[in-house]
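In what follows, chains are A, B, ... by sequence order, proteins preceding strands, each numbered from 1.
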Amino acid sequence: MIARASQLFLPTLRDAPADAEAVSHKLLVRGGFIRQVSAGLWTFLPLGWRVHRKIEQIVREEMDAIGAQEMLAPVLTPAELWQRTERFDAPEVFKLEDRSGRPFVLPLSHEETLTFHAAELQSYRQLPQSWYHFQTKDRDEPRPKAGLLRVREFIMKDSYSFDRDEAGLDVSYRRHGEAYARIFARCGLEFYRVQAESGLMGGSESEDFLAPAGAGENVLVTCVNGDYAADMDAASGVPRPPEFPPPLAAPQEVETPGVTTIEALAEFLGIDPAATSKAMPVVTSDGTLVLALVRGDDRLSEDKLMGELESDFRPATDEEIRAAFGASGGSLGPVGFKGRVIADETLREGQFVAGANRDGWHLRGVQAGRDYEPEFADIRATKEDDACPRCGGRLHVQTAIELGHIFKLGTRYSVPLGATFLDEDGRQKPLVMGSYGIGPGRVMAAVVEQHHDEHGIAWPASVAPYDAHVVALPGAEEIALRAAEALSAAGKDVLLDDRDLRAGEKFADADLIGCPVRVTAGRKSLEDGKVDVRERATGAETRLDVADLGKEP
RNA sequence: CGGGACGUAGCUCAGCCUGGUCAGAGCGUCGCCUUUGGGUGGCGAAGGCCGGUGGUUCGAAUCCACCCGUCCCGACCA
């Protein structure tokens with residue numbers, strides 16, 4: 001197949017839009033792949049849609065390979081289904097009514113609809129089932145951002161497995177996980193499978209597939225030895241041990257005028273910042289004031305603390321702090337505090353400097369268990385250069401894009417929607433479900449984040465909009481067309497740049513668009529009938545006879 | 001939802017502080033010429049309710065208020 005650039009809607013741009021930050025956002029817009037309609041709403045232009053469809057096809061092949069069945073459920077969904085599962089009131093759900101006032105939902109995923117259909121499954125003999133579709137999802141995101149990375153409407157491949165029991169779910173879940181790994185590998189992505197925060201959903205197993213990128217919403221922690229990967233929220237890196245000063249028999253007050261930060265404190269006392277502790281008073285949703293304590297050189301992990309408290313929380317106000325401690329933030333510590341203290345595990349052993357609950361004073365030699373009685377928990381945020389909890393290797397922290405998510409739902413949806421089956425023992429049981437999502441648009445953005453240089457995108461062949469980009473320079477249009485035809489005959493999809501433009505502009509567009517190979521026919525070709533074949537990713541260039549095109553990769 | 005920034009031509013932006021030759025530039029687009037292996041050079045042209053509404057003023061892109069939109073940070077995120 002040959003597409004002529006002169007006829008294509010391929011609006012490339014020399015400049016990126018001023019408000020673009022992420023590389024994938026800039027390059028996809030500049031390359032004429034996507035255009036914004038409104039905040040978080042994007043149109044896929046012809047080239048972008050080709051890439052999207054290539055990713056879809058890879059997903060489809062791998063889903064089919066594990067026996068999943070493709071179907072299509074509607075976007076517009078009666079609100080009743082969502083009311084039954086108690087998701088109707090979620091703020092990110094788009095809601096609307098028909099002319100007679102019946103409420104509908106634009107779903108952010110299709111658990112309800114597919115479970116509604118699963119209610120038609122009657123017997124254990126019909127199980128397991130895995131169903132999937134590619135369908136539009138709408139989410140009233142409070143803050144769309146970064147091009148395709150966080151949007152309000154997008155296409156998702158979501159699948160749902162229905163099993164008779166947990167053991168069956170384990171199998172469906174594992175198969176999906178394996179299929180997902182194959183999908184992302186085929187898309188040319190570096191990715192990691194990590195435990196996902198199950199959050200308030202609790203209990204159920206859930207994993208994310210994260211792709212390291214220059215932009216993204218997740219923070220990925222990996223070990224340089226390759227044996228550990230985790231989401232920052234759940235990572236448990238091992239911090240370096242502190243250098244402690246000589247121990248004291250009892251805490252000792254030391255005047256620290258104007259010293260309110262850890263850096264200043266460590267400097268002032270001439271000690272290791274890791275030998276200090278940092279106190280963060282927070283207030284839980286039931287109004288209790290709790291003191292969270294981490295090492296001075298660490299940051300509090302809000303997610304971990306939230307898990308520990310089993311409650312949302314907010315920082316205490318100045319007034320609350322003053323009332324509870326008699327001092328202001330910057331001089332707070334656990335000694336003498338009459339309330340719940342949650343101390344990070346790093347504070348279990350050793351003596352630390354802590355705030356004295358007296359403005360301008362600190363305490364040396366504060367020891368947990370002797371001078372205050374905390375609950376210990378892992379509440380510190382893992383950081384760069386922590387040690388790997390598996391092998392002790394160095395941990396690396398980087399931003400990442402969530403490509404896909406696999407989730408064991410259990411009976412969360414089948415029970416409220418009455419999706420039951422008759423089991424071998426003659427009893428009616430709810431279907432045990434899993435759900436599994438991939439956003440092809442995000443995959444597309446992640447591929448760009450991982451495969452680009454200063455000139456543009458360098459698509460992996462598996463998802464490239466065209467296999468080859470044939471550049472026709474003036475005078476060599478004839479040879480260029482023959483080259484395109486030879487490639488097309490060999491089964492390649494070809495973009496033929498037959499536009500009346502300068503060579504430099506065509507080359508710049510070819511680099512930007514990023515097809516795996518560029519074939520140039522120009523003045524040199526007029527002399528010997530050969531064309532130049534250049535690999536986008538490596539820049540390697542060879543001269544070939546037109547007749548030999550399509551015979552090499 | 002809190003904080004910040006921005007909104008002038010298709011794109012990137014200047015002009016605004018200090019109201020009155022302020023409707024501007026570059027790129028892109030169109031026509032002609034030039035020529036053609038990395039965004040060429042020349043000549044000419046089209047293109048804007050200066051986000052919207054109200055106010056101040058003799059006069060508003062410029063000052064004020066409100067609204068809308070977009071982006072960034074945070075909160076949130078099946």
### Query
Can you find an N or O donor on one side and an acceptor on the other, under 3.5 Å apart, linking the side chain of A:Arg523 with the base of B:U36?
no

### Query
Can you tell me how far P of B:C77 sits from CE of A:Met156, to the nearest Å?
17 Å

### Task
In whole angstrom, give me the gap between the C1' atoms of B:C13 and B:U34.
30 Å

### Watson-Crick or G-U wobble partner of B:G74, both distances under 3.5 Å
B:C1

#### Entry: Value in whole Å for how far the P atom of B:C11 lies from CG of A:Leu10
17 Å

### Task
Would you kindly give the CG-to-P distance between A:Asp231 and B:C77, to the nearest whole Å?
14 Å

Using a cut-off of under 3.5 Å, enumerate the N/O to N/O pairs linking the protein to nucleotides 69-76 of chain B.
| unit_1 | atom_1 | unit_2 | atom_2 | d |
| --- | --- | --- | --- | --- |
| B:U70 | OP1 | A:Ser38 | OG | 2.7 |
| B:U70 | OP1 | A:Ala39 | N | 2.8 |
| B:U70 | O2' | A:Asp19 | OD2 | 3.3 |
| B:C71 | OP1 | A:Gln36 | NE2 | 3.0 |
| B:C72 | OP1 | A:Ala146 | N | 3.4 |
| B:C73 | OP2 | A:Arg143 | NH1 | 3.2 |
| B:C73 | OP2 | A:Arg143 | NH2 | 2.8 |

### Task
Sort out the partner of B:C6 for me: Watson-Crick or G-U wobble, both distances under 3.5 Å, none otherwise.
B:G69

## Note on the structure
All heavy atoms of A:His176 vs all of A:Ser130, minimum pair found to be CE1-OG, 3.7 Å

### Query
Between atom CG in A:Asp500 and atom C1' in B:U40, what is the gap in whole Å?
13 Å

### Query
Just checking, A:Lys408 and A:Tyr173: is the charged tip under 6.0 Å from the six-membered ring centre and within 45° of the axis?
yes

### Message
To the nearest 0.5 Å, what is the distance between OG on A:Ser24 and CD1 on A:Ile457?
### Response
9.0 Å

### Message
If the test is salt bridge (Lys or Arg N to Asp or Glu O under 4.0 Å), which one of A:Arg14, A:Arg518, A:Arg30, A:Arg499 qualifies with A:Asp509?
### Response
A:Arg499

### Message
With rounding to the closest Å, how many angstrom separate the P atoms on B:C71 and B:G24?
### Response
31 Å

### Message
If you take the centroid of each ring, where Trp contributes its six-membered ring, are A:Trp459 and A:Phe33 closer together than 6.0 Å?
### Response
yes

### Message
Heavy atoms only, 4.0 Å cut-off, all strands: where does A:Arg518 land among base, sugar-phosphate and nothing?
### Response
base

### Summary
Rounded to whole Å, the NE2-C1' distance (A:His405 to B:C77) equals 12 Å

### Task
Starting at atom CZ of A:Arg139, determine the distance to atom P of B:C77, rounded to an integer number of angstrom.
12 Å

### Message
Would you measure the distance from the P atom in B:G51 across to the matching atom in B:C11 and give it in whole Å?
### Response
14 Å

### Query
A:Asp509 side chain: which of B:A78, B:G39, B:G38 is closest?
B:G39

### Query
Rounding to the closest angstrom, what is the interatomic distance between B:G20 and B:A60 at atom P?
11 Å

### Query
For the atom pair CG (A:Asp453) and CG (A:Asp511), what is the distance rounded to the nearest 0.5 Å?
7.0 Å

### Message
At 4.0 Å (heavy atoms only), tell me whether A:Leu473 reaches a base, stays on the sugar-phosphate, or touches nothing.
### Response
base

### Query
Starting at CZ of A:Arg502 and ending at P of B:C27, how long is that distance when rounded to a whole Å?
15 Å

### Query
Yes or no on salt bridge (Lys or Arg N to Asp or Glu O under 4.0 Å) for A:Asp298 and A:Lys383, after CA distance, side-chain angles and deciding distance?
CA-CA 8 Å; A:Asp298 276 338; A:Lys383 62 184 190 225; 2.9 Å; yes

### Query
Paired with B:U21 by Watson-Crick or G-U wobble geometry, both distances under 3.5 Å: which nucleotide is it?
none

#### Entry: Nearest heavy atoms of A:Ile401 and A:Ala213, plus distance in Å
CD1-CB, 3.7 Å

#### Entry: Distance between P atoms of B:A14 and B:A5 (Å, rounded)
16 Å

### Distance between C1' atoms of B:C50 and B:A61 (Å, rounded)
4 Å

Check the interface with nucleotides 28-34 of chain B: list each N/O to N/O pair with the protein under 3.5 Å, or write none.
none

### Query
For B:U35, which nucleotide is its Watson-Crick or G-U wobble mate, given both distances must be under 3.5 Å?
none

#### Entry: Nearest heavy atoms of A:Lys26 and A:Glu21, plus distance in Å
CE-O, 3.6 Å

### Task
Please state whether the rings of A:Tyr180 and A:Tyr436 are parallel, tilted or perpendicular, taking 30° and 60° as the class boundaries.
perpendicular

### Task
Over 60° means perpendicular and under 30° means parallel, so classify the ring planes of A:His25 and A:Trp42, tilted if in between.
perpendicular

### Spacing between A:Asp528 atom CG and B:G37 atom C1', to the nearest angstrom
13 Å

### Task
Give one of base, sugar-phosphate or nothing for A:Ser525, where a contact means two heavy atoms less than 4.0 Å apart.
base

### Query
If you measure from the P atom in B:C58 to the same atom in B:C43, how many Å do you get, rounded?
46 Å

### Message
Classify A:Glu402 by what it touches in the nucleic acid, base, sugar-phosphate, or nothing, heavy-atom distance under 4.0 Å.
### Response
nothing

### Query
Expressed as a whole number of Å, how far does the P atom of B:U29 sit from that of B:G74?
39 Å

